[in-house]
Q: 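Quick one: the structure is below, questions incoming.
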Amino acid sequence: MPPTWKPGRSGTPKRGYRLAHASAGVFVEAEGELLARGLTHRGALDVLESDLQLFIAQHSRAYVFVHAGVVAIRGKALILPGTSGAGKTTLVRALLEAGATYYSDEYALLDAKGRVHPYARALSVRTDATGEKLRVPVSRAVAPTGRRPVPLGVVVETKYSKGARWSPRELTRGEVVLALLSHTVPARDRPAEVLATLARAARGALGLTSPRGSAAGLARVLLSLEMEGT
């Protein structure tokens with residue numbers, strides 16, 4: 001379940017799932033619609049979790065969900081917006097190893113004031129052999145986990161490219177909002193609310209964009225940048 005879940009009042013479920021074995025593997029259905037088939041048990045659970053979290057992200061009224069990795073440094077959030085496969089988790093891990101506080105590797109949760117809340121589930125790491133995801137818990141020995149909402153400090157728009165050199169361009173406030181908006185789950189369903197929330201969050205935040213190479217090297221740069229308060 002998502003890390004912020006809690007038991008609700010009894011009533012009609014808003015979304016039902018079915019997992020079952022077939023000759024070619026496990027299949028997953030949601031409300032009678034086939035999501036995937038021919039899966040291993042681990043793969044089926046991954047499909048179930050991903051769809052459930054997306055459903056919550058689409059229908060949440062408490063937060064605006066942005067696909068992003070998130071860490072905090074000196075009381076401010078550093079957000080890495082991006083889709084799966086962009087290298088978010090790799091960079092988040094490098095930032096944690098460099099001294100950042102863990103908030104999320106999947107969603108940035110923004111409240112109506114624009115503050116960033118923790119969504120600290122286990123890191124989602126893809127295996128090289130099958131491409132399936134492994135859940136790797138973030139232990140206290142590696143990095144602390146955030147417990148409270150923090151203001152947004154930096155938005156970094158980046159994607160791994162072999163041999164790339166970090167050469168960032170500073171984003172305008174409007175570009176920061178657009179960088180977040182392009183990865184915001186309920187953007188089409190609640191555009192006015194989403195834009196207002198992102199605009200509040202982006203007020204005073206620094207935005208940077210550039211392809212990247214080494215995650216460890218960039219993590220040190222970003223950690224230094226945040227600590228200097230720029």
Q: Side chain to side chain donor-acceptor pair (under 3.5 Å), that's the test. Do Y17 and R15 meet it? Break it down for me.
A: CA-CA 7 Å; Y17 292 91; R15 191 165 179 82; 3.1 Å; yes
Q: Identify the two heavy atoms, one from D105 and one from A122, that lie closest to each other, and give their separation to 0.1 Å.
A: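 Reported closest heavy-atom pair: OD1-O, 4.1 Å.
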Q: How would you list, by chain and number, every residue that makes a side-chain contact (heavy atoms from CB on, under 4.5 Å) with S182, sequence neighbours excluded?
A: none
Q: Determine whether V70 and Y119 make a side-chain contact, defined as any pair of heavy atoms from C-beta on separated by less than 4.5 Å.
A: no
Q: Compare every heavy atom of S210 with every heavy atom of S167, then report the nearest pair and how far apart it is.
A: N-OG, 3.0 Å
Q: Main chain of Y107, side chain of S104: is a donor-acceptor contact present, judged purely on distance under 3.5 Å?
A: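 Answer holds: yes.
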Q: For T101, what residues pass the side-chain contact (heavy atoms from CB on, under 4.5 Å) criterion, not counting sequence neighbours?
A: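 Testing T101 for side-chain contact (heavy atoms from CB on, under 4.5 Å), a comparison that skips the adjacent residues, returns A72, Y103, P144.
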Q: For A205, what residues pass the side-chain contact (heavy atoms from CB on, under 4.5 Å) criterion, not counting sequence neighbours?
A: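 Expected list: L152.
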Q: Locate the shortest heavy-atom distance separating G99 from L223; write the atom from each residue and the value.
A: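 Taking every non-hydrogen atom into account, N-CD2, 4.2 Å.
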Q: When you measure from the side chain of K88 to the backbone N and O of T83, does any donor-acceptor pair fall under 3.5 Å?
A: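 It does hold such a pair.
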Q: Using modelled atom types and a 3.5 Å cut-off, is there a donor and acceptor pairing between side-chain atoms of T209 and backbone atoms of E157?
A: yes
Q: Roughly how far, to the nearest 0.5 Å, is the NE2 atom of H117 from the CG atom of L110?
A: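 Here the interatomic distance stands at 8.5 Å.
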Q: What I'd like to find out is whether the side chain of L178 reaches to under 4.5 Å of the side chain of L180, using heavy atoms alone.
A: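 Of all side-chain heavy-atom pairs linking L180 with L178, none is under 4.5 Å.
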Q: Looking at every heavy atom in both V92 and G69, which two are closest together, and how far apart are they?
A: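 Reported closest heavy-atom pair: CG2-CA, 3.8 Å.
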Q: Looking at R220, is its backbone amide N or carbonyl O close enough to the side chain of S224 to form a donor-acceptor pair, meaning the two atoms are under 3.5 Å apart?
A: no
Q: What about V154 and L218, same hydrophobic cluster or not, with Ile/Leu/Val/Met/Phe/Trp/Tyr joined at side-chain heavy-atom distances under 4.5 Å?
A: yes
Q: Apply side chain to side chain contact (heavy atoms under 4.5 Å, CB included) to the pair T90 and Y160, showing each step before the final yes or no.
A: CA-CA 9 Å; T90 301; Y160 173 75; over 6 Å; no
Q: Does the side chain of V116 reach to within under 4.5 Å of the side chain of P149, using non-hydrogen atoms?
A: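 In short, these two side chains do not touch, never coming nearer than 4.5 Å.
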Q: Less than 4.5 Å apart, side chain to side chain, heavy atoms only: is that true for P151 and R115?
A: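 The answer is no, as the side chains (C-beta and beyond) never meet within the 4.5 Å cut-off.
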Q: Got a second to check how far Q58's CD is from R190's CZ, nearest 0.5 Å?
A: 10.0 Å
Q: Nearest 0.5 Å, what's the NE2-CG distance between H183 and L80?
A: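 Rounded to the nearest 0.5 Å, the NE2-CG separation comes out at 11.0 Å.
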Q: Does the side chain of E31 come within less than 4.5 Å of E33's, by heavy atoms?
A: no
Q: For the side chain to side chain contact (heavy atoms under 4.5 Å, CB included) test, which of L39, V28, V47, L35 pairs with L19?
A: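 Among L39, V28, V47, L35, the one meeting side chain to side chain contact (heavy atoms under 4.5 Å, CB included) with L19 is V28.
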Q: Can you classify the ring geometry of Y63 versus F65 as parallel (below 30°), tilted (30 to 60°) or perpendicular (above 60°)?
A: perpendicular
Q: Could you give the distance from CG (L123) to CD (E106), rounded to the nearest 0.5 Å?
A: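 It comes to 11.0 Å.
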Q: Specify the closest pair of heavy atoms between A100 and I73, including all atoms of both residues, with the distance to one decimal.
A: CB-CG1, 3.9 Å
Q: With a 4.5 Å cut-off on side-chain heavy-atom distances among I, L, V, M, F, W and Y, is there a chain of contacts connecting L198 to V176?
A: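 Yes.
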Q: With side chains defined as the heavy atoms from C-beta onward, is the minimum distance between L206 and V156 less than 4.5 Å?
A: no
Q: With a 4.5 Å cut-off on side-chain heavy atoms, are V185 and L54 touching?
A: yes
Q: Has the side chain of R173 got a donor or acceptor atom that lies under 3.5 Å from a matching backbone atom of A199?
A: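 Yes.
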Q: Within this structure, what is the CD-CZ distance for the pair E29 and R37, rounded to the nearest 0.5 Å?
A: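 One finds 10.5 Å between CD of E29 and CZ of R37.
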Q: Is there a donor-acceptor pair under 3.5 Å between the side chain of T40 and the backbone N or O of G43?
A: yes
Q: Taking a hydrophobic cluster as the set of Ile, Leu, Val, Met, Phe, Trp and Tyr residues connected by side-chain heavy atoms closer than 4.5 Å, whether directly or through intermediates, do W166 and L171 fall within one such cluster?
A: no
Q: Is S60 reaching over with its side chain to a backbone N or O of I56, donor-acceptor style, under 3.5 angstrom?
A: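 Absent.
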Q: Apply side chain to side chain contact (heavy atoms under 4.5 Å, CB included) to residues L78 and L222 and explain how you reach the verdict.
A: CA-CA 9 Å; L78 187 154; L222 294 177; 4.0 Å; yes
Q: How long is the gap from CG on L208 to CZ on R169, to the nearest 0.5 Å?
A: 10.0 Å
Q: Identify the two heavy atoms, one from P211 and one from T158, that lie closest to each other, and give their separation to 0.1 Å.
A: C-OG1, 3.7 Å
Q: With the side chain counted from C-beta on, respond yes when P81 and V155 share a heavy-atom pair under 4.5 Å apart, and no when they do not.
A: yes
Q: Between Y102 (side chain) and R121 (backbone), is there a donor-acceptor pair under 3.5 Å?
A: yes
